[in-house]
**Q** 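First the structure, then my questions, so here it is.
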Amino acid sequence: MLGLNRLPGISAEAEALPDGVHIRLQIAPGARFENPIHLCFGVVPAEGVQRILTDFDIGAGAEVEFMAHCTFPNATKVQHIMEGQIHVGPGATMRYKETHYHGESGGVEVLPKAQVTVDEDGKYFTEFNLSRGRVGRMVFDYGVDVAARGLAELTAKALGYGDDEIIVRETIRLNGEYARGLAKSRIAVRDHAHSDVYGTTEGHAPFARGHVDCIEIVRGRAIATAVPIVKVTDDRAMVTHEAAIGAVGKKELETLMARGLDEETAVDVIVRGMLGE
Amino acid sequence: MKNHEIMLEVKDLQLARDKRAILRGLNLTVQRGSVHVVLGLNGSGKSTLAYTLMGCGGYTPDAGAITLDGVDLTKMSITERAQQGLTLAWQEPARFEGLTVARYLSLGMKAPDMTRVRQALEAVALNPATYLSRYVDESLSGGERKRIELAAVYAMQPKLAILDEPDSGIDALSLDDIAALIHRMAEEGTTVLLISHRDEVVAMADAASLICEGRIVDSGDPAWVCDRYTHCCEPCDRRELVEEEVAYVTNPRRVTVPGCPRPRTTSRQSCAPTKNPAATRSFSSPAKSPA
Ligand SMILES: Nc1ncnc2c1ncn2[C@@H]1O[C@H](COP(=O)(O)OP(=O)(O)OP(=O)(O)O)[C@@H](O)[C@H]1O
Ligand SMILES: [Mg+2]
């Protein structure tokens, strides 16, 4: 660990592990921050294991935004393990955006895993983006439990090529009345890359509303699968899903070609837009 | 019309989709620098014509030829046609997740320039400060999306712009706004092929064609074509009448009975005044050969 800036409203502890770090972070109830809190992770050597354990506790009514950057420029054999326990207190809002910067070797294994609890009226938004450099292998595994009137939005975006492998598991359980959830994924694969997306949303309480929204764009000999799972155990809950897998939409493509772009460039513009670049 | 060179020439265009003939020997000539309106009822083949001209997938003609400024486009890809100076504003434009309006408008410009991007948005009555950073996605209303499509076409400064029903849809541009935009396009040397089922658009036209069942059945003076459209056209599935109509238009002396068979008993709203006030021929006048 290289540094830790302290701010009022945050209490942070970091404990070094043999292969990483354990971060405990508490946001005081009602705290607000002018700027996002930056977290920076990286492995500069070509080989190694990096384990990051996080416990985030967002106090009641607090509002906080995190921006995490993960850099593995030289990786030929790097494992990046992230295990998070996240608690969003009553009425609190947490936004977390993680962006990865990888090299071109494909030698990274990224294993982000989180268990999130969103209390009554809490809001949790997360976006994970791995579209710069080769993915290598990634298993994204997030599970969220949402209490009454709470909201959870999970977004995973990734661009795979070479023989990259992308696995996304997003599970949202809507346990309280009027809880809402969105499990969104945007994946593009080409060459021999593989992607498998499992988006699960469960509605267990009256008036819970959930949606699974998956788009995977496939080019070349890449393979993509999507398994949206929707489960409802309360007859007043509703969960919907949509999954679109295939080439770039014909109309989108032809529209850009009608502006003079060649097909390859047009596909690139569409994919990069979808991945938020 | 500034001069009388031919910009677009479409000869005997034929296209079937799912074994159904949709364009059935369509002929059309558009003069350089003109605003040429193609009028036709719903389902008459207007959008099919637009997609075929643009070279969209599934719209490769079975016969016929398309030339733009003397260059044969018939076998060219969409990109090549666009590079020749042709573009299309879709009737229902596509959406792009994560693509900003600013970027979208710049994409078609040879030398991207923010001043022009702003001008293009202003030309379709959208405030650049509000819209430049918006995404061209589901968050835009149908009308906003259509305006942005027209702005993108304008920003591109094409030789020939095909506008497929720019006036349709909730919150679409008003006819006055469309007229102003087309005027600006014409000033910059863009020839406009304006496709519509609304007869009011002839007010901004230099020439017009009437499309019926995948054929141009009349072409020429906007008031004349509009008059036929408003007084004669009603949805019908009697293709043999179109054959007569075409024969009549192509050679009025050969066929003595006007092909348009069922004058409407209830009169439709009359056409808006056209650009050319002298053009007030009525339908009962003998048709003029388009040649
Ligand atoms: N794939 C297809 N298979 C069969 N018929 C088709 C196909 N695509 C279009 N058509 C038919 O071709 C005809 C012309 O369609 P087109 O969309 O060109 O009409 P349009 O004049 O643009 O109508 P509108 O005013 O409603 O936009 C319609 O009758 C339509 O149903
Ligand atoms: Mg149409």
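To find a chain, count down the sequence lines: A is the first, B the second, and so on, and within it residues start at 1. As the structure is a computational prediction, the values presented were derived from the model and not from experiment.
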**Q** Does a donor on one side chain sit under 3.5 Å from an acceptor on the other, for Tyr51(B) and Gln91(B)?
**A**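 Per modelled atom types, Tyr51(B) and Gln91(B) side chains form no pair under 3.5 Å.
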**Q** Using the ring centroid of each side chain, check whether Phe66(A) and His38(A) are separated by less than 6.0 Å.
**A**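 Not under 6.0 Å, so no.
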**Q** Heavy-atom distance under 4.5 Å to chain A: side chain of Glu92(B), backbone, both or neither?
**A**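 Both backbone and side chain of Glu92(B) come within 4.5 Å of chain A.
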**Q** In terms of heavy-atom pairs under 4.5 Å, which option from Ala89(B), Gly58(B), Gly98(B) contacts chain A the most?
**A**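 Most pairs with chain A among the choices: Gly98(B).
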**Q** Where does Arg186(A) contact chain B at under 4.5 Å (heavy atoms): side chain, backbone, both or neither?
**A**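 Just its side chain gets close to chain B.
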**Q** Are the aromatic rings of His80(A) and Phe72(A) close, with centres under 6.0 Å apart?
**A**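 Close enough - the centres of the two rings lie under 6.0 Å apart.
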**Q** Could you tell me whether Arg173(A) and Glu202(A) have a side-chain N and a carboxylate O separated by less than 4.0 Å?
**A**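 Salt bridge absent between Arg173(A) and Glu202(A).
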**Q** Between Glu80(B), Glu149(B), Arg103(B), which shows the greatest number of heavy-atom pairs under 4.5 Å with chain A?
**A**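 So the answer, after comparing Glu80(B), Glu149(B), Arg103(B), is Glu149(B).
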**Q** Is Ile215(A) in contact with chain B via its backbone, its side chain, both, or neither, using a 4.5 Å heavy-atom distance?
**A**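 Just its side chain gets close to chain B.
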**Q** What part of Lys251(A) gets within 4.5 angstrom of chain B, counting heavy atoms only: side chain, backbone, both, or neither?
**A**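 Contact with chain B involves both backbone and side-chain atoms of Lys251(A).
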**Q** If I measure from the heavy atoms of chain A, does Arg95(B) come under 4.5 Å with its side chain, its backbone, both, or neither?
**A**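 Only the backbone of Arg95(B) comes within 4.5 Å of chain A.
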**Q** Out of Met274(A), Glu263(A), Glu252(A), which one racks up the most heavy-atom pairs below 4.5 Å with chain B?
**A**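 Among Met274(A), Glu263(A), Glu252(A), the one with the most close pairs to chain B is Glu252(A).
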**Q** Under a plain distance cut-off of 3.5 Å, with no hydrogens placed, do Glu165(B) and His197(B) share a side-chain donor-acceptor pair?
**A**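 Note: His197(B) and Glu165(B) side chains meet the donor-acceptor criterion.
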**Q** Determine, using ring centers only, whether Phe125(A) and Tyr96(A) are less than 6.0 Å apart.
**A**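 Between Tyr96(A) and Phe125(A), the centre distance exceeds or equals 6.0 Å.
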